[in-house]
Amino acid sequence: MKDLPTRYIPQEVEDKWCQHWEKNNLFHAQHDKKKKPYSIVIPPPNVTGILHMGHALNNTLQDIIIRYKRMKGFETLWMPGTDHAGIATQNVVEKQLAKENKTRHDISREDFLEKLWAWKKQYGDTIIHQLKKLGSSCDWERTRFTMDEGYSKAVKTVFVKLYKKGLIYRGQYIINWCPRCHTALSDEEAEHQDVQGSLYHIQYPFKNNPDQRVTVATTRPETMLGDTAVAVNPKDKRYKKLIGQTLVLPLMNREIKIIADDFVDPEFGTGAVKITPAHDPNDFEMGKRHNLEFINILNADATLNENTKEFNGLDRFKARKLIVEKLKEQNLLVKADEHQHAVGHCYRCHTVIEPYLSKQWFVKMRPLAKPALDVVKKGKVKFYPDRWTKVYVNWMEGIRDWCISRQIWWGHRIPVWYCKACGEENFIVAEETPTCCPKCKGNDLHQDEDVLDTWFSSWLWPFATLGWPEKKEDLKYFYPTNSLFTAPEIIFFWVARMIMAGLEFMGDIPFSDVYLHGTVRDAKGRKMSKSLGNALDPLEIIEEYGADALRFSLIINSGQDLFISKEKFEVGRNFANKIWNASRLVFMNTSNLNVAQLDQDFKNLKKEDLPMSCQWILSKMQTTLIDLEDAIEKYKFSEAENLVYNFIWKNFCDWYLEMIKNSFNQKDVQITTLFILEQVLKMIHPFMPFVSEEIWHSIHPESDSLAKESWPKINKALINNSIESDMVNVFDLIVSVRNVRAQWRIQSSTRIDCILGAPSKILKILEQNSKIIKSLASVDNLKFDSSKISMKDTAAGISGKIKFYIPLSGIVDIKQEKKKINEQILQSQKALTGLSSRLKNKNFLSKAPKKVVEKETERLKEIEEKIKELTNIIKDLS
RNA sequence: GGGCGAUUAGCUCAGUUGGUUAGAGCAUCUGAUUUACAUUCAGAGGGUCGAGGGUUCGAGUCCUUCAUUGCCCACCA
């Protein structure tokens, strides 16, 4: 074992281990039939991405469980990869083009894609490198990309399969249109934000009597240019008579009818609604019901088009202003109320979305949703925490069809071809590019210009990464995967759709457990974001505190949402250093041991002959292990870290190492201590892989990696409840009687500073626990001489190596002590009366379980005793 | 508008199926130190568990109403 520096310096060791793990391919998964598989697929970060705190949290969680399972003997696979992230990535490259004052339309599709691939090649692996710095134990050799060759094949196969099954269709519908990205978006990609707008009340004159008018209310007055009707509720008395009459649409001078539809809410606005079938989803439905004309008034960039006469070419918001002004001039604007309403924004560029009529591809979701709903309801797929189940169920029950076509270039091109001769409606859906039209045999074919929604590839992730549609060994061995770790924001985008795809194409769930973690926020509770400038960069934290510190601190703070500030990472840094120094202490005292034989030597030890402190820590370790495994299996990670933290810091360092410091010359103590240190390193490894690996290698330079060692086995024979409770008594000895402030210390074990009670109390406790004290200090012939202890003395000697002193005088104010103790007596007496009356209560005695009654009775006795003791102390003091 | 959470010490949170005297970390204060570790150790103060009502021998925990707050979903023009 080599000497370790006095401080743990993560910067000096982390890169070394990253490289070591990767170079030796230590996390490469095999298909070991003797082992059980355990697999996780990474939520693929976008190729545009750089590591943020959310990633750090997400991947630490996965790494903890995968390292734990690996050590537990599972054949583990953590599948890494990245997502092409259609719109997001395209936007980045478009911004680059914009610097040259170009749009993608100024260069060819091929050239644009070439730029994107070049960009992906250059920056696409950044995040992978950063994940490695975090310590992620992915199988890097298997790294996938949602647009690599095999994956593209899977996407095409899925499209064709769904089409043949009748689950994909093409049609003209109102979709969410982003005028900046120039593409359709799915409903999930439209983010609704409350916006303070105006509700304009506009008058439409009657054709026959221009002085008589109907007032309609709208938040988007420019859409009136596309109005083809005004609707009222048929039961609305105000308008009943007017149904069927003709109005003249202002500015456009188009004649439109008043129609009746149940959808109209008489309570809202004026009770009369202008109908714009081409620019509002409800109006669209109504337009179909009433056979109205669909007038498109917008271009793709949301400027007004030639259907708007004088407004042609105007931006939609400028047009809005102008139209309001013109209506004012014509005295047709009644009023504009302040009005808060939800407006859809593009989830990528935050531009206001327009409902837009266009021809798009859709997936029929109901048939896919049903089985996916069943597996969750039956508990085959479980959500952690459980409350997300409801969110999932609600969404699935109200699911709507999925618009999957996007008018961008970066992505999987839709595998559909149109024949010029046969027309648009006779399209060909095929995995391979067709050579000629199957109908007319003509070969003037062109592929659909659109690409697929990025999530149309992501939803195949759990099996497409394993080689599907080919049925290779990977797929057989590792599917279904075990757990998925992700943020709740993408339950609908991704999790739900993966469950649907898994069931549809694999006939089985993609994973059985879904763990949804919280959002990382700053100390004030705001979401961390670049634009707010409150984001902490995980790489900076790694640089300053170390990856282990980052990992540990994140997880220990992760209950629900995490509130993180820089200082929080000190916990992790300090803990790593604590483990480091504890190891140094152990190394200093165990350098003569033969580590190769350590396990055997420990086995051969007669545990019952070990000092009590050793027996205690061994027992404590078993109970900690039991709780720890339970916590990890239940995905209670912060609880798990707390258990390890307390065991290592409080039990192992503060108590155990202090207690055995003076017994390190005993070989059995050495063996036990080093053995426990090794177990400790294993226990901490999933949480803090770097520091544990570094220390492990100081002991075992020959070992491949701690990551490949086996997890400590729980040895129930080592659990010794009586010793654990005895030790609690010893600790109590220090804690329980802290009324009189006398300090003593066992000098031979140097640093146990204790607060004890009055001399008689001290003696009593020491006598009661002399066996234990003896074991602790390994001192023979321990005797207590009460005659040498008195209130006035500052110290009292004791035979043997143990000495203790009681610097009472000058520290203790007898009057105050008396007062305090009297207060305590009063309190205890109160508790006593309460308790005894309770124990006389017939209802309590008959209804409460026996155990409780017994406990309460015991407690009654304890309190009585306590009062006696306290009274004695009072006597002592006077 | 609908749904789901949250409310416990100055701050951040634990608190298992109701059962001793409601816990921890941070912060604050007091003290220790020839030290494996000042990134250390010991101790103290600080809580009518958001409010009211109910069930119960017994409620932080179960029910109900209200308040405050967060998140998700939603086509009221």
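Letters A, B, ... are given to chains in the order of the sequence lines, protein chains preceding strands, and every chain is numbered from 1.
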Between the side chains of A:Arg220 and A:Glu354, is the shortest nitrogen-to-carboxylate-oxygen separation below 4.0 Å, so that they form an ion pair? yes
Establish, with yes or no, whether the OP1 or OP2 oxygen of B:C71 is under 4.0 angstrom from a side-chain nitrogen or oxygen of A:Lys390. no
B:G58 phosphate, OP1 or OP2, under 4.0 Å from A:Arg838 side-chain N/O: no
With rounding to whole Å, what would you report as the distance between B:C49 and B:A14 at their C1' atoms? 13 Å
Electrostatic pair A:Asp283-A:Lys274, nearest N-O below 4.0 angstrom: no
Please determine, for B:A59, whether a Watson-Crick or G-U wobble partner exists with both distances under 3.5 Å, and give it or none. none
Distance under 6.0 Å and angle within 45° of ring axis: A:Arg400 vs A:Trp395: no
Indicate whether OP1 or OP2 belonging to B:A77 is found under 4.0 Å from a side-chain N or O atom of A:His279. no
Does the separation of the ring centres of A:Phe575 and A:Phe687 fall below 6.0 angstrom? no
Under 4.0 angstrom between A:Arg387 side-chain N/O and B:G3 OP1 or OP2: no
Check whether the side chain of A:Asn282 and the base of B:C75 form a donor-acceptor pair under 3.5 Å. yes
Using the P atom as the reference point in each nucleotide, state the distance between B:G45 and B:U20 in Å, no decimals. 22 Å
